[in-house]
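In what follows, a structure is listed as structure tokens, so that the remarks can point back to it.
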Amino acid sequence: MASYSYGSKELWYIHSIETKNYVAEFTYSDREDAVGSQGEDGGVSAYPNQRMKKLDKIELYTRASRLQDNAVPIKTVHFVYDYSLCGKVPNNISGGGKLTLKRIWFQYGSSEKGSRNPYLFSYSSFNPDYHRKKLDRWGNYIDGGDGDEGAGTYAALAKEDADRFSSAWLLNRITVPTGSIINVEYESNDYGYVQNKRAMEFRPIAGFTDAAGKEEVLTGDAAQDILYTSDNKVKNYLQFKLKQPVTTHEEVRAYVQDVQELYFAMNVRLSKPSENGLEKIEGFIPVNLRTAGVDFGKCNDGRHGWLRLPQMHDGDEMRDMNTPANDMDYRDGVHPISKAAWESIRDKYMHLVYNRPLNDHSVEAIGIAIENCFATMGEMFEQANRYLRRGGHANKIKLKGAKIRLQSPDLVKFGGGARVKRITISDEWGNMIQDPSLNFSCGKEYKYSIDEILPGRIRKISSGVAQYEPASGNEENPFIEPYRYALEQPLSVDYNLYQTGPLGQIYFPAPVIGYSRVTVKDYQPEGAPATGFAVNEFYTAKDFPTIVNSTRLNVRTREIQVPPFYSEEHLNATQGFTVELNDMHGRQKAVYSYAPSSENPISGTLYKYKTSYHNSSQLNNTVQTIHPLTGEVKEEEVGVDFEFFSDALENQQHVMVPEAGINLDISIRGPVPVIIPTVYPGYTHSYGRLRMA
């Protein structure tokens, strides 16, 4: 299934602005980029009236002089552009990049002296060409390389790469007419939490093994990509690549400590071992990762970790059928990834189970069809998953691109574009007199980290909090969890399915990163005396997360049975949901001033908001109000908006089946057979109605 969007828009440009004494006029010309589509089939439009405009100059006149011919403007602002940023964009008619502002200069009257002292704009030295696939989930540039690891996410990148990618095409220098230079340095945004949940990242899978080999990592052609063997031995120990090297099993806990549903995504071979039939399988595995060295731990190389997957029931149940102490000898459990793949086979990939003739009209096709018929008859007397396991279906994966979702161990997850690291202003006085040592710079430095207290140590983590993560490619989002349900299959294995949450996700806040703590220091040139610093604290979505509640599911049924002719079934189901949002993400919490090398502020301001008595993460908007006419004092809610949405669905099904049973009796009357036909008419009517709201 595929889709595309197509539309049209109107663009209106300001021609002039008039005040009591002045008139400002705007002059435009056609842009070479941002050209519209030729039509629904794509392509760059060739119509001149579909070109966007760029602002070339703004002229300011006195109102009186503008009424005269050949009026001279009091002041003119000139804008100079090129197309040097983000080259090879597909909607540039000359094959260049995007419109790039290079200079602004002022003209007073008819004098053009200002053109010799313009404002000059320079941009990041990292200026990659446009590529439609080199975008991360936040819509910013990223180059994940040729492999699958890191594509679309910053999780697998080093900080220097994340900083470089996030700075693409950004303004980093302004030269002002006086000669001084404003420099801006950037670094990648990062965050440790998504609202009140720890940020999660994809980690590449290195292989699968058993309890005996869980700490020995095999690479290259020796990498273990088998989920179970022909003697039903399950390789339920998963090895994965760590973000940083570790020395103890306990250090791996930072990846798994709050993981209860392990998300996985990989290509699994669904066909028989003798064939190739890779399909993407994804899902969630219920895990219980509590004990270091038993449920999870480090591999011998210190760069990989392992974790134990449950050995699942081969039928309806979704629970661990074994204990870690018996994993080597147990043979009745199945691999959870294989079980998920078998359900996909039963649902939509049954053509990979049986032999398929190359030519449906050939003689060979008849033999294969008969063979498949007998295979199906044999399956009728065998449990479905056991039949697929016996055939070796879903016993092998493709390691390249295989991944699991774990927590960010250092609480520093890159993404969300760039932030300002440092702003400096250089007077360039030394360059003017050919002595660069006399240049003087001043500015501000910004730090976005916070201290986390751990047993026996303190570490720096990101103070960033994502209000939410983008909906596109949101598998890393910690709020994406399964709500499990089962479709019962009498005389067969149930379908264990799930619906991903959270409920009402469409109403969740936009993906925006805010910081709970930003430290601002004066930029100190070498030899300059130390100065104090300021700390700005902010409320974030971690302090005030989105609150979701729901009512109980109310189900009512009614049946009317008049066998064997008529049956009627009614099912009514209602349920309500609430999604409570707030605007606290980014609001000022405190401002403190510190002396150099001081741990205690010398002054500060703290802002507190009224919260619920039972839940400090929920705002309390109830205040005392005074009626303007009666003077009555009472408590009311203020600053609260309510939006109501209702959705109702009704489905009706009528089945009317007229029947006629024919019976032929034949008797022999001497040499003459006598045929006596008998007709038995019948009628069945069933009605079903489903209502949901």
Side-chain angles (χ1 to χ4, degrees), residues 154-163 187-203 215 239-260 289-307 405-415 419 421 445-466 476 478 513-521 530 532-543 589-590 592 594-601 604:
Y154 283 118
L157 297 179
K159 177 173 173 55
E160 53 269 22
D161 291 330
D163 291 345
E187 61 184 356
S188 174
N189 273 312
D190 56 42
Y191 54 100
Y193 287 85
V194 181
Q195 295 195 22
N196 58 342
K197 294 190 176 186
R198 290 168 63 102
M200 305 188 81
E201 303 172 348
F202 280 139
R203 304 310 311 161
E215 296 185 7
Q239 297 172 329
F240 63 95
K241 185 177 180 181
L242 298 172
K243 193 173 184 179
Q244 301 104 2
V246 298
T247 57
T248 65
H249 292 315
E250 184 61 32
E251 291 180 69
V252 182
R253 186 181 298 276
Y255 293 84
V256 302
Q257 64 181 19
D258 293 326
V259 177
Q260 297 179 341
L289 305 172
R290 294 184 178 180
T291 306
V294 177
D295 299 317
F296 61 87
K298 74 171 187 70
C299 296
N300 293 334
D301 64 356
R303 299 189 301 273
H304 291 81
W306 58 265
L307 54 88
R405 186 184 70 177
L406 298 176
Q407 292 179 328
S408 175
D410 55 358
L411 292 179
V412 179
K413 180 178 179 179
F414 300 117
R419 67 191 183 203
K421 179 181 180 180
E445 294 181 321
Y446 302 87
K447 293 186 177 180
Y448 303 85
S449 60
I450 193 172
D451 291 335
E452 182 186 43
I453 300 176
L454 298 174
R457 65 188 179 98
I458 298 176
R459 69 169 178 174
K460 294 285 186 182
I461 66 171
S462 172
S463 72
V465 175
E476 284 187 342
I513 295 177
Y515 293 91
S516 61
R517 181 184 177 95
V518 181
T519 302
V520 184
K521 290 186 176 182
F533 59 94
V535 173
N536 297 272
E537 295 185 359
F538 302 90
Y539 291 105
T540 66
K542 182 174 182 289
D543 306 303
K589 181 179 181 181
Y592 298 109
Y594 290 79
S597 304
S598 174
E599 296 183 356
N600 299 313

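Nothing fancy with the numbering, it's 1 onward along the sequence. Being a predicted model, the structure only gives us computed values, none of them experimental.
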Please enumerate all residues that pass side-chain contact (heavy atoms from CB on, under 4.5 Å) together with [X], with sequence neighbours excluded.
X: Glu250; answer: Thr248, Arg253, Ala292
X: Ala541; answer: Gln195, Val465, Gln467, His585
X: Glu445; answer: Arg422, Tyr523
X: Glu187; answer: Lys159, Asp163, Arg419, Lys421, Tyr448

Please check if the side chain of Glu476 supplies one atom and the backbone of Arg405 the other of a donor-acceptor pair under 3.5 Å.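 Checking the backbone N and O of Arg405 against the side chain of Glu476, no donor-acceptor pair under 3.5 Å is found.
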
Set of residues satisfying salt bridge (charged side-chain N to carboxylate O under 4.0 Å, His left out) with respect to [X], sequence neighbours excluded:
X: Asp161; answer: Arg164
X: Asp543; answer: none
X: Lys542; answer: none
X: Lys447; answer: none

Does any non-hydrogen side-chain atom of [Y] lie less than 4.5 Å from one of [X]?
X: Phe538; Y: Ser516; value: no
X: Lys460; Y: Asp451; value: yes
X: Met200; Y: Val194; value: no
X: Val535; Y: Val518; value: no
X: Leu411; Y: Tyr191; value: no
X: Arg303; Y: Lys241; value: no
X: Arg517; Y: Thr519; value: yes
X: Lys413; Y: Asp190; value: no

Could you work out, with side-chain hydrogen bond (donor to acceptor under 3.5 Å, both in side chains) as the rule, every residue matching Glu452, not counting sequence neighbours?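 Once residues adjacent in sequence are excluded, the partners of Glu452 under the side-chain hydrogen bond (donor to acceptor under 3.5 Å, both in side chains) criterion are Arg459.
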
How long is the span from the [atom1] atom in [X] to the [atom2] atom in [Y], to the nearest 0.5 Å?
X: His304; Y: Glu215; atom1: NE2; atom2: CD; value: 14.0 Å
X: Arg203; Y: Leu307; atom1: CZ; atom2: CG; value: 12.5 Å
X: Gln257; Y: Phe296; atom1: CD; atom2: CZ; value: 8.5 Å
X: Leu406; Y: Leu242; atom1: CG; atom2: CG; value: 9.5 Å
X: Cys299; Y: Trp306; atom1: SG; atom2: CH2; value: 8.5 Å
X: Ser462; Y: Phe414; atom1: OG; atom2: CZ; value: 9.0 Å

If you apply the rule side chain to side chain contact (heavy atoms under 4.5 Å, CB included), what do you find for Gln407 with Val256, and how did you get there? CA-CA 6 Å; Gln407 292 179 328; Val256 302; over 6 Å; no

Search all heavy atoms of [X] against all heavy atoms of [Y] and return the closest pair with its distance.
X: Gln244; Y: Pro409; value: OE1-CG, 4.0 Å
X: Lys298; Y: Val252; value: N-CG2, 3.8 Å
X: Pro596; Y: Gly532; value: CG-N, 3.7 Å

Does [X] have any ring pair (Phe, Tyr, Trp, His ring centres under 6.0 Å) partners at least two apart in sequence or in another chain, and if so, which?
X: Tyr592; answer: none
X: Tyr594; answer: Phe533
X: Tyr255; answer: Phe240

For Lys243, is there an ion pair with Glu201 - N to carboxylate O distance below 4.0 angstrom?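 Looking at Glu201 and Lys243, the cut-off is met.
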
Please test Ile461 against Asp410 for side chain to side chain contact (heavy atoms under 4.5 Å, CB included), starting from the C-alpha separation and ending with a verdict. CA-CA 7 Å; Ile461 66 171; Asp410 55 358; over 6 Å; no

